[in-house]
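Residue numbering restarts at 1 for every chain, and letters A, B, ... go by the order of the sequence lines. Below, all heavy atoms of this structure are taken into account, side chains as well, without hydrogens, waters or symmetry copies.
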Number of protein chains: 2
Amino acid sequence: MREFGNLKEKLREKGFKLTPQRRSILDTIMENEGKHLSTEEIYDVVKRRCPEIGLATVYRTMQIFDEVGLVYKHNFDDGRSRYEVTNNEDHQHHHLVCIKCGKVLEVEEDLLEQLENQVEQKYNFSITNHNVKFLGYCGKCR
Amino acid sequence: MREFGNLKEKLREKGFKLTPQRRSILDTIMENEGKHLSTEEIYDVVKRRCPEIGLATVYRTMQIFDEVGLVYKHNFDDGRSRYEVTNNEDHQHHHLVCIKCGKVLEVEEDLLEQLENQVEQKYNFSITNHNVKFLGYCGKCR
DNA sequence: ATCAATGCAAAGATTTTGCATCAAG
DNA sequence: CTTGATGCAAAATCTTTGCATTGAT
C-alpha cells in the first residue's frame, strides 16, 4: 500500500490541496485498481462515502491527478476517459483490447526500453511515458 | 498510388457502396496522408469539392472506413478523433506525442513483432494491430 | 481575510440518431 | 420498387465553465 504522505506531497508540489473529496476519489481508484473506471463511475462510487460531491469536482480532480501523474488517462474508444493509478512506475504497462467484446487485459511486460532509446535518438524526442495497446481477439472471441 | 478496385471491393465485402461522397472523403484523406485529420477537418476539405455533403455523412463514413480497415482512428487526446489511411500495412506505425505543444510525429520503425509474439502466447490473445504512442517532449519543447 | 476548492446549473463540444428524400440496381 | 445512403436538424454524451458559497490556512 502506498503512503499518503507521498501523494499529498505530490499535489502540494504543484500547488494543489488534498481535500476530503480528492482523498475519497483517490481511495476509490486505489481500491479499484485494474478496473479502469470512468469519471462517472468514479463519481458513482465516491458518492457513497461522500454524498454531497459533484460530478464536476470529479472531472476537475481527474484532470489534476493526471497532470500530477497520480493516474493515467486511458482511451479505450468507448467514448469516455478511463483512469488507472500509476503505481509509482514511471512507465505505463500495456493493454490488450478485444475488438469484439471490448474487454481490456493487462500486460505485465514492458520490454520497450531498447526501442525507446532508438527512437529518442533518431527523432530528438524525450520520452517520458508510453501508451501501448494491442488490438485483436481475446480467448473467448477468436 | 492505391487502386480503387481494391477499395471498392473492401467496401463491397462488407455490404457497403462506394458513393461519390465516400469517394471524395477517401480522396481527401489519401491526399492528406500523415496529417491526422479530424472528422470536421475532413468535412471542411471535402465540402470544397462536394458542397452539398453533410457532417453526419462524414461521421458515418469514417465509422465505416474504420470498420472496414481503410483508416485508423487515432486519439491524441485533443477531444476529437483523428484518422489516418492504413496503407495496406497490417500494423500501424508509432507516434510521438509532445505533451507540451501537442505535436504528433511519426515513427517508421515497428520492432514489436517479438514482443507481440510473447504476449500472444502468454495471454492467449490474437493480435491484429497495435497502437503505440510515446509521450514526452519534442525537440522544441524540452 | 484570502484564495483555492466545491456544487450546481448552464454551456460547449463532439458524435449519434430520426426521418424524409434521393439514388442506384 | 426496394433498399441503402444522404442531408438536415434534433438529440445524446461527455466534459468544461461561470458563479456564488464554503473551507482551510
Side-chain angles (χ1 to χ4, degrees), chain A residues 4 7-28 36-68 70-71 73-83 102, chain B residues 4 7-28 36-68 70-71 73-83 102:
Chain A
F4 268 121
L7 304 177
K8 212 168 169 181
E9 216 175 290
K10 243 182 173 177
L11 286 171
R12 282 264 173 69
E13 267 174 33
K14 308 237 182 182
F16 300 114
K17 295 174 188 165
L18 184 55
T19 64
Q21 288 91 335
R22 290 179 184 166
R23 191 160 180 160
S24 293
I25 292 170
L26 204 42
D27 285 344
T28 296
H36 311 110
L37 296 182
S38 69
T39 312
E40 193 119 19
E41 285 166 353
I42 295 167
Y43 171 64
D44 288 339
V45 177
V46 169
K47 237 184 346 190
R48 296 211 280 265
R49 80 176 77 173
C50 191
E52 74 289 358
I53 202 171
L55 179 56
T57 300
V58 184
Y59 271 102
R60 284 186 282 235
T61 300
M62 297 320 291
Q63 279 185 344
I64 291 172
F65 284 1
D66 185 27
E67 193 181 327
V68 173
L70 251 37
V71 300
K73 182 180 184 176
H74 282 290
N75 177 289
F76 294 127
D77 231 19
D78 61 349
R80 69 210 66 188
S81 291
R82 298 185 166 278
Y83 296 89
Chain B
F4 268 121
L7 304 177
K8 212 169 167 178
E9 216 177 289
K10 243 181 172 177
L11 286 172
R12 282 263 172 67
E13 267 174 32
K14 308 236 180 180
F16 300 114
K17 295 174 187 165
L18 184 55
T19 64
Q21 288 91 335
R22 290 179 184 167
R23 191 162 182 159
S24 292
I25 291 171
L26 205 42
D27 286 344
T28 296
H36 312 108
L37 297 182
S38 70
T39 312
E40 192 119 18
E41 286 167 352
I42 294 167
Y43 171 66
D44 287 338
V45 177
V46 168
K47 237 185 344 190
R48 295 210 280 265
R49 78 177 77 175
C50 191
E52 75 288 0
I53 202 172
L55 180 56
T57 299
V58 184
Y59 270 102
R60 284 187 282 235
T61 300
M62 296 321 292
Q63 278 186 345
I64 290 171
F65 284 0
D66 185 27
E67 192 180 329
V68 173
L70 250 37
V71 300
K73 183 180 183 176
H74 282 290
N75 177 288
F76 294 128
D77 231 19
D78 61 349
R80 68 209 69 182
S81 291
R82 297 185 167 278
Y83 296 90

message = Rounded to whole Å, please give me the gap between CZ in A:Arg82 and C1' in D:dT13.
response = 14 Å

request  = Give the rounded distance in Å between these two atoms: CD of B:Glu52 and P of D:dT6.
outcome  = 11 Å

message = Rounded to whole Å, how long is the line connecting atom CG of A:Asn75 with atom P of D:dT13?
response = 18 Å

ask   = Starting at CG of A:Leu18 and ending at C1' of D:dG23, how long is that distance when rounded to a whole Å?
value = 14 Å

ask   = What residues, two or more places apart in sequence or in another chain, satisfy salt bridge (charged side-chain N to carboxylate O under 4.0 Å, His left out) together with A:Arg49?
value = A:Asp27, A:Glu31

query = Looking at residues at least two apart in the chain, or sitting in another chain, which of them share a side chain to side chain contact (heavy atoms under 4.5 Å, CB included) with B:Glu41?
reply = B:Leu37, B:Ser38, B:Arg82

Distance in Å, A:His36 NE2 paired with A:Tyr83 OH, rounded so as to fall on 0.5 Å steps = 13.5 Å

remark   = Separation of C:dA5 atom P from A:Leu11 atom CG, nearest Å, is 9 Å

ask   = Do side-chain atoms of B:Arg23 reach the backbone of B:Leu18 as a donor and acceptor pair under 3.5 angstrom?
value = no

task = Summarise how protein sits on nucleotides 11-18 of chain C as a single string, 5' to 3': B when a protein heavy atom is under 4.0 Å from the base, S for sugar-phosphate-only contact, - for no contact.
result = ---SBBBB

ask   = Is the closest side-chain heavy-atom distance between B:Val46 and B:Asp44 below 4.5 Å?
value = no

query = Would you call B:Arg22 and B:Phe65 a side-chain contact if the rule is heavy atoms closer than 4.5 Å?
reply = yes

query = Which atom pair, heavy atoms only, marks the closest approach of B:Lys17 to B:Leu11?
reply = O-CD1, 4.1 Å

ask   = How far does CD1 of B:Ile25 sit from OG1 of B:Thr19, to the nearest 0.5 angstrom?
value = 7.0 Å

remark   = Between B:Arg12 and A:Tyr43, whichever has its closest DNA chain C nucleotide further toward 5' is A:Tyr43

Partner of A:Lys47 by side-chain contact (heavy atoms from CB on, under 4.5 Å), out of A:Leu55, A:Ile42, A:Val58, A:Ile53 = A:Ile53

query = Can you check the A:Phe16 CZ to D:dT25 P distance for me, whole Å?
reply = 17 Å

Please enumerate all protein N or O atoms sitting under 3.5 Å from an N or O of nucleotides 22-24 of chain C, with distances to 0.1 Å.
none

request  = Tell me whether the OP1 or OP2 atom of C:dG7 has a side-chain N or O from A:Thr57 closer than 4.0 Å.
outcome  = yes

task = Using five base pairs at each end, measure the axis-to-axis angle across the helix from C:dA1-D:dT25 to C:dG25-D:dC1 and round it to 10 degrees.
result = 20°

ask   = Got a second to check how far A:Met62's CE is from A:Leu70's CG, nearest 0.5 Å?
value = 9.0 Å

query = Atom CE of B:Met62 to atom P of D:dT6: distance rounded to whole Å?
reply = 13 Å

Partner set under ring-ring contact (aromatic ring centres under 6.0 Å, His included) for A:Tyr43, not counting sequence neighbours = none

ask   = Starting at CD1 of A:Ile64 and ending at C1' of D:dT15, how long is that distance when rounded to a whole Å?
value = 15 Å

